[in-house]
Amino acid sequence: MSFIIYPAIDIRGGKCVRLFQGDYAQETVYADSPVEMAKRWVEQGAAWVHLVDLDGAKEGKPANAELIKEIAKSVSVPVQVGGGIRTEEQIADYLDAGVARVIVGTAAIEDEPFTKRILQAYGDKIAIGLDCRNGLVATRGWLTTTDVQATELAKRLVSYGAETFIYTDIARDGTMTGPNVEEIAGLAVATGKSVIASGGVSKLDDLLALFAHTADGVSGAIVGKALYTDAFTLDEALRQMGERE
């Protein structure tokens, strides 16, 4: 299994932004054009791009879909998309438009028959987004925390056909305090599936700590703020991964 770095483009109001700990009131705008930002990451060597419709996550339905489809058509690498995706029609719409993988979060937790259906229909084109606070799953744009344990839910979803999980530790997202490597690797081992880490990567050592668990099933990391604030460059990160493979 290879380890992929996913530059993150979080879209709100048509712009590329970052939130602090998922708080919609604590926003930093990094670029006016998410399309140009996606192209920039690809030029710098990105093998995938990670897109989040923040307005969609909050509203419960895609809000920046046309912009996201434009990005998918504008770049030469696959893109994955999350945020407000709750129906099969929305999934099909994105996949038909050239999106390679659709991330389902809230709907996966709140409607398991739906999740079972989409996993059977679309297989590895679906990633399950597990957004967690203290090991418990949060939903609806991180506004609601459930009493569902992430590992138990993930194991159940594997039985339905889940192949890829995206694990976000909300307490660390946008804080650059380091990812929760133990939880992420533990989820990969417990499920036997691919887990992409999201939230908290602040320096190259954080990436290397995750990279060390590739054999356990940690297959990549979504990196946002660290790249936007030049904590390290994508080129530096890719070279580090290459040297260690």
Side-chain angles (χ1 to χ4, degrees), residues 5-44 46-111 114 118 122 125-131 138-144 164 166 168 170 173-174 196 198-199 220 222-225 227-228 234:
I5 300 167
Y6 297 80
I9 297 177
D10 291 2
I11 301 169
R12 188 178 184 206
K15 296 182 178 181
C16 173
V17 308
R18 293 298 289 166
L19 303 183
F20 181 80
Q21 293 188 336
D23 183 350
Y24 285 75
Q26 298 189 65
E27 173 192 272
T28 305
V29 177
Y30 284 117
D32 288 334
S33 171
V35 177
E36 291 310 310
M37 184 58 71
K39 289 177 180 174
R40 190 180 117 190
W41 291 133
V42 175
E43 283 165 11
Q44 290 181 26
W48 276 76
V49 176
H50 174 80
L51 306 172
V52 180
D53 182 348
L54 288 174
D55 298 304
K58 198 173 185 182
E59 293 169 21
K61 61 181 188 297
N64 292 283
E66 293 312 309
L67 184 53
I68 286 164
K69 291 176 194 175
E70 186 184 345
I71 294 170
K73 288 184 170 72
S74 300
V75 296
S76 56
V77 303
V79 303
Q80 62 183 20
V81 177
I85 300 162
R86 308 272 203 276
T87 70
E88 288 179 67
E89 291 75 20
Q90 291 161 354
I91 292 167
D93 187 47
Y94 273 137
L95 294 175
D96 289 346
V99 169
R101 189 157 60 209
V102 173
I103 304 155
V104 179
T106 296
I109 288 95
E110 295 183 347
D111 186 351
F114 163 76
I118 61 168
Y122 300 107
K125 293 185 187 304
I126 302 292
I128 304 295
L130 297 175
D131 300 334
T139 61
R140 301 194 174 273
W142 300 357
L143 302 173
T144 308
T164 305
I166 296 175
T168 303
I170 296 169
D173 187 73
I196 299 166
S198 177
I222 294 161
V223 185
K225 190 175 181 181
L227 290 174
Y228 288 102
L234 183 56

[X] to [Y] - nearest heavy-atom pair and separation:
X      : Y      : result
Ala38  : Ile71  : CB-CG2, 3.6 Å
Pro62  : Gly84  : CD-O, 3.3 Å
Val77  : Ala46  : CG1-O, 3.4 Å
Ile166 : Ala127 : CD1-CB, 4.1 Å
Leu95  : Arg101 : CD2-N, 4.4 Å
Tyr24  : Leu54  : OH-O, 2.9 Å

Is the closest side-chain heavy-atom distance between Lys225 and Thr28 below 4.5 Å? no

Measure the shortest side-chain to side-chain distance between Val104 and Phe114 over non-hydrogen atoms and say whether it is less than 4.5 angstrom. yes

Give, for atom [atom1] of [X] and atom [atom2] of [Y], the distance between the pair rounded to the nearest 0.5 Å.
X     : Y      : atom1 : atom2 : result
Arg12 : Asp55  : CZ    : CG    : 6.5 Å
Glu27 : Asp10  : CD    : CG    : 10.0 Å
Tyr30 : Ile9   : OH    : CD1   : 13.5 Å
Tyr6  : His50  : OH    : NE2   : 10.0 Å
Asp53 : Glu59  : CG    : CD    : 7.5 Å
Tyr94 : Ile103 : OH    : CD1   : 10.5 Å

Should Val35 and Leu67 be marked as a side chain to side chain contact (heavy atoms under 4.5 Å, CB included) after you check the CA-CA gap, both sets of side-chain angles, and the distance that decides it? CA-CA 8 Å; Val35 177; Leu67 184 53; 3.7 Å; yes

Is Glu66 salt-bridged to Lys69, cutoff N-O under 4.0 Å? yes

Do Glu36 and Lys39 sit within salt-bridge range, that is, some charged N less than 4.0 Å from a carboxylate O?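 A salt bridge is present here (some side-chain N lies under 4.0 Å from a carboxylate O).
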
Ile68 and side-chain contact (heavy atoms from CB on, under 4.5 Å): which single residue from Leu51, Val79, Val52 fits?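 Considering Leu51, Val79, Val52, a side-chain contact (heavy atoms from CB on, under 4.5 Å) with Ile68 is found only for Leu51.
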
Member of Val223, Leu234, Val42 meeting the side-chain contact (heavy atoms from CB on, under 4.5 Å) criterion with Pro7: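 One option only clears the test, and that one is Leu234.
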
Let me see the working for Gln80 and Ile196 under side chain to side chain contact (heavy atoms under 4.5 Å, CB included), right down to the final yes or no. CA-CA 12 Å; Gln80 62 183 20; Ile196 299 166; 4.2 Å; yes

